[in-house]
Amino acid sequence: MFEFLEHISSKTKILFLSMILILLPGAIISYLSLKSIQDKAENLRTKYHGTVNLVRDKLESEVPRLEMDLRNSVIESFSRLDDDADMKTWLRHLESENPAFKNLFLATAGGALTTGSFSHGWKKLPETRFSKDPKTTTSLKKAENAEFINKDYSAAVRFYNEALSAAVSARDQAMLLSRIGRNYFKLGVFEDGIKEYRKILQFTEEWITIGNVPSSVVALSQIAYGYERLNLVQDQLNYLLDLHQLLLDHPWDLSGGDYLFYLESTSHAIGEIVDDSTLLELRDKENQLLEQIEFIEHIRRNGLAEIRSHLLNGDPANLPAFQIFRTRGNSSIQISYCMLPSSSRQPPSMALGYQIDRTYILARLVPGVLIPVELGKDISVGILDENDSLIYHQNNKQLSNYLVSENLSPLLFNWKVALFDPDEKSIEQLSGREKHLYLAIFVGIIAVMIIGVIVMARSVIHETEVSRMKSEFVSNVSHELKTPLALIRMFGETLDSGIPIDEGKRREFYSIIRKESERLTHLINNVLDFSRMDDGKKEYNFEEADLVALIRNSLEAYKFHIRDMGFNIESELPDEPILLKIDKDAISQALLNLLSNAVKYSENRKYIRVTVRKDSFSAFISVADHGVGIAKDELKKIFDKFYRVPDDKIKETRGSGLGLTLTKHIIKAHGGSIEVESNPGEGSRFTIRIPLLQTRAGDEV
Ligand code: ADP
C-alpha cells in the first residue's frame, strides 16, 4: 500500500516529518487554546452571574431586615399614643428613626387616615347658610334684591350692613362682611372692600366657612385681589404669601378640589410678582406637599379598602407579617403595611403603612451592601430602573452596556442589578480578541499543513516519475550499448574468422563497425556529459570561432551518414562568418543531438533542413524536419532530464532522454536559448539562439 513511499527521497521524508512534528502540536495547541477561550467566556459568564446574584440576594435580604427594625420600633413606642396629635408626632418620630421608609401613615378600620402631617384627609366642609333670624332675614333679602336684581351696589352695602348689625353668630357676621366687601369691590371702592375683608381675619374661631371655603382663605385671597386692583403690589404680595403659607399649613382642611385650586392660583399669582429664587423655595415646599397629597390620594383610591378589609378580617392581636400591594401606572407605587398591636387606648385595629424610600436605598443601602462584595478587576455594579436606565453606578459613571444583569424583587421596585465593564464590553468581546488570534493561528497552521501536503504530493509524484524515467533510462542505455556492441562483435568476428569475403562485403562490414562505434562514442559522450553536468562539473572551453564554419564542418562530417539513411538534407548558411566565443565541441555536440533526433523521429518523409542566420543581437541555428512532430502538451517537458514522449512509435526508437537536456545546458552556458515549434504529424523545428554579445550563464540546467 505504501510502495510509493519507496520513491520518495529521504530529504522529502525528513522535510515532511519535521513539518508534521512542528505543525501538528501547533495545531493541537491552538485548537486547545481556542477551546479554552470558549470555556473562559463561559466561566466569565458564570462568575459574573454569581457576583450579580450575590449582590441581588444581599440587597433583597436587607429589605426584610429594615422592615424588622421598623416593626421593632413600632412595638417599642406604640403604646404611648394618646390622641391624634400623639399619632402625628409618633409617625414623625418613626420616620426619623427609620430613614429607609417614607410616607408613613396609619389607617383605621373605619377608613380614617393619619400621616405625620394630617389626621383625617380632605375635609368635606358644609355649605354654610344664614341662620333663620327674622331681623337679619328682612335686610338680607333687601340686600340680595339690590345686589342681584337692581344692581344697586350702594343700596346692597347699606342693607348688608343693616343685617350685620342685627347678626348674632360669628358665621353670619363673617358671611355678611364678605358680601359687603364684595359689593364695595363691585362699586370699585377697593379700599373699603379690603377693610371689610380684614375684619373677617379677626375672627378667632377656626374655619368659619364662607360658601364651603374657610373664611380666612376667602378673605386673604380677596384682599390680595383688592390690592392688585389698587396697584399696591407689595401689599398684594404680602397677602398672597400669607395665603400660601396658610394653605401649606392646612393641606387637609379644605375639600380636595378647592384646596388644589387655591394653592395653584396663589402660587401662580406669586410667580407673577417675585423672582425665580424666592419662587424656587416656595415651589419646593409645595411639591413635597403635592407629592404627599398624591400619595395619600393614591392610598385612598387604591389601598384603603384592602387595608380595611384586612383589618376587619385579620387577627389584630397578632402583630402580623407585613403585607404589600402595589399598582402600576406610569411608574409603580408600592405601599407596604403591617397591623399594629391592639391597645386599650386605641381603636382595636389599626395598620401602619409605609413606602420604601428609593433615595435611601440608592444612597445608603446599595453602597453599604457593595462594600464587602469582591468584584472582579475593573468590574463595577450599577442599578437600572424598570425602564432600563441607569439610576445608580458605583463609580458614578454613565454606562449603558452591561455584562450581565439580574432582576430585583418587586420589593425593590423591579429594578435590576447589573455588572459593568469600564469600556462597556460584552463578555464575548472580553474574551474575543484572543479568540480571533488563536483562530487565525489555527487556520494558518491548517492551511500551511494543507499546502505542505500538496507540495509533498507533487514532489512525490515528480520523484516517482523521475525514478521511473531513471530506470527506463538505464534499460534504454543498456539497450543502446548492447546493439552497437553486438553488431561490432558480430562483424569483427566474421572478418576475423578467415572466411573468404568479397571486397564489397568487407568494406560494408568495416563501415558498419565504424558507424556503430561512432554511435557508441556519441552515446557515451552524452551520458558522461550529462553526469558531469548533473554534478555541476561540466566545463566549457570557450574560444573565438566562426560559427558558420563550425556548422559547415559538422554538417560535412555527418551529411554522408545522414544521406546514407535515405534523408534529403539541405542547408542554408551565410557566406559571412559569424565570430563568437564558443565551445566548438559542445556546439557541434548540440547540433549533432538535434540532427540525430530529426533522423530518429522521422518516418517516411525523410527531410532535414539546417539554417544558420543572424540579426543585430543573436545568431540562430535551426534544424527542421518533416517527422512525427510533438504534441503541444509535451513541448515543455522534452527538455527535462530522462524525459521521452510516451508514444508507442517513439518507444520503438532508441534513446536516453538526455539529448535535449544536454543541448539546452550547452546553449544556456553560451548565454543563449533553445526553442521548438512543432505540429504532430507535420514535423518540428528546433532553433538555437546564441547572443552576439555573450554574457555566460551559470552551469545550471
Ligand atoms: P531521446 O531522443 O534520447 O529520447 P532527447 O532528450 O533527445 O531524448 O529527446 C526527448 C524527447 O523529445 C524524445 O524522446 C522525443 O519524444 C522528443 N523529440 C526530440 N526531438 C524530436 C523531433 N525532432 N521530432 C519529434 N520528437 C522529438
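As the structure lists them, so they are numbered: ligands from 1, and atoms in each ligand from 1. In this text the structure is predicted, and so the values were computed from the model without any measurement.
- Around atom 19 (C) of ligand 1, the closest heavy atom drawn from N597, L595, V645 belongs to N597.
- Residue Y643 has no nitrogen or oxygen atom sitting less than 3.5 Å from a nitrogen or oxygen atom of ligand 1, judged on distance alone.
- Here's the thing with T661: none of its N/O atoms is less than 3.5 angstrom from an N/O atom of ligand 1.
- On a distance-only criterion, G659 and ligand 1 share at least one N/O pair closer than 3.5 Å.
- Less than 4.0 angstrom separates some heavy atom of K600 from each of these atoms of ligand 1: 1 (P), 2 (O), 3 (O).
- Classification of the H670-Y540 ring pair by plane angle, with boundaries at 30° and 60°, yields perpendicular.
- Each of N407, L384, L59, L362 was evaluated against W415; a single residue qualifies, L362, per the side chain to side chain contact (heavy atoms under 4.5 Å, CB included) test.
- Checking H393 against S380 by side-chain atom types alone, a donor-acceptor pair falls below 3.5 Å.
- Residues K614 and F620 approach most closely at CA-CD1, 4.3 Å, considering heavy atoms.
- Under a 4.0 Å heavy-atom criterion, G629 is in contact with ligand 1.
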Below 3.5 Å, can you tabulate the donor-acceptor pairs from side chains in residues 562-574 to any protein atom, sequence neighbours excluded?
residue	atom	partner	partner atom	Å
R563	NH2	I569	O	3.4
D564	OD2	K515	NZ	2.9
E570	OE1	Y607	OH	2.9
E570	OE1	R609	NH1	2.9
E572	OE1	R609	NH2	2.3

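- At a heavy-atom distance under 4.0 Å, only backbone atoms of L658 (N, CA, C or O) approach ligand 1.
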Could you list the donor-acceptor pairs under 3.5 angstrom formed between side-chain atoms of residues 680-692 and any protein atom two or more places apart in sequence or on another chain?
residue	atom	partner	partner atom	Å
E682	OE1	N679	ND2	3.4
S684	OG	S678	OG	3.0
R685	NE	E677	OE2	3.4
R689	NE	S673	OG	3.3
R689	NH1	S618	OG	3.3

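- Residue R644 has at least one heavy-atom neighbour below 4.0 Å for each of these atoms of ligand 1: 1 (P), 4 (O), 14 (O).
- Counting heavy atoms from C-beta outward, F639 and I674 have side chains that approach closer than 4.5 Å.
- For atom 22 (C) of ligand 1, the nearest non-hydrogen atom from the set F642, F639, Y601 belongs to Y601.
- In the displayed structure, E675 atom CD is contacted under 6.0 Å by at most 12 heavy atoms of other residues, nucleotides or ligands.
- Close contacts of ligand 1 with I638, meaning ligand atoms under 4.0 Å from a residue heavy atom, involve 10 (C), 12 (O).
- Only the side chain of I630 comes within 4.0 Å of ligand 1, counting heavy atoms alone; its backbone N, CA, C and O stay farther away.
- For a threshold of 3.5 Å applied to N or O pairs, the pair formed by G657 and ligand 1 contains at least one separation below that value.
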